[in-house]
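Whatever order the structure lists ligands and atoms in, that order sets their numbers, starting from 1.
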Amino acid sequence: MPELPEVETIRLGLAGRVVGKEIAEVSVWNTRMVRTQPGGAQEFIYLLEGAKIQAAVRRGKFLWLELDDAKALVIHLGMSGQVHAWDEKPAERRKHEHIRVEFTDGTGYTHVDQRTFGKAEVVDLVPCADGFPGGRGSKMPMMPASATHIARDPLDLGFNVVTVARQLRRSAVAVKTLLLKQELVSGIGNIYADEALFACGLHGSVPGSSLTQKQAVALLEAAQQVMRAAVEVGGTSFDSLYVNVSGEPGYFAISLQVYGRNGQACHKCGNLILRENIGGRSHHYCGTCQRLPRRSRKA
Ligand SMILES: [Zn+2]
């Protein structure tokens, strides 16, 4: 599933290709992709045709296009969603192409989704409670009504590392699970949670409440650093499911320290990278470099 760096890469691609354009025509081939639009595909198309795209915005893993009528086109990538921008209209519908948006200048984009866990919807923009822009790429303190439960992400201008660190420390839940809670801090998924924990030498099962404020801040800053580095190289592609709007993969996989490396040697100490389950998600860690909670540590 795309996490912040992958969605940011897609957002950057869209920002350069679709912002300022007017939508001429919209095609929906699979109505499952607009299943949350109250009026279905017909309403989805009606609301989009003639609208102008003002900005490509992201908060966490949430991506939307700001429209000129206080609405937003929200693009949920799900597990296998891809957005392909094109300069010339493809002659035929491509495999798994469910939605096509054409602009008045003849360019457009295609929303492809192999497993159709993703979707698209047109929703109202509502004011942000904290007055900061809705997300990266926006100048307006507005966000889609369907995304107001999503917390600010570590790369957001409005992200307050001190406040979020305090919130992390208020919970006795495993810190790995807390990092994945999009209502607490958004954008971090399994890959970058494991990488941030490794960078701080913390085991994912450490309860949030056992962290010092300094440790909690360091952990969030590590998440910032690893995700910034991943954005630089276009995110992490493990399979052909994640590519940017030009169809190219990201190159962060070679920089991963623990995620997906179970059974291999730790780059820091040479011992084995292990994997275990925390809160239903796999946690990759170095048994030597990452400290376990005191009570479960062997004497
Ligand atoms: Zn190690």
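A salt bridge does not link R136 to D153: none of the charged nitrogens lies less than 4.0 Å from a carboxylate oxygen.
Annotation for H283 and D194: closest pair ND1-OD1, 2.9 Å, computed over non-hydrogen atoms.
Counting only heavy atoms from C-beta outward, the side chains of Q215 and L219 never approach each other to under 4.5 Å.
The aromatic rings of F62 and H149 stand perpendicular to each other, their planes meeting at an angle above 60°, with 30° marking the opposite boundary.
At a cut-off of 3.5 Å, with distance as the only test, a side-chain donor of S80 or D113 sits close to an acceptor on the other residue.
Under 2.8 Å from the Zn ion (ligand 1), one finds the following protein N/O/S atoms: C266 SG, C269 SG, C286 SG, C289 SG.
Crowding of E49 atom CD: a count of heavy atoms from other residues, nucleotides or ligands under 6.0 Å exceeding 12.
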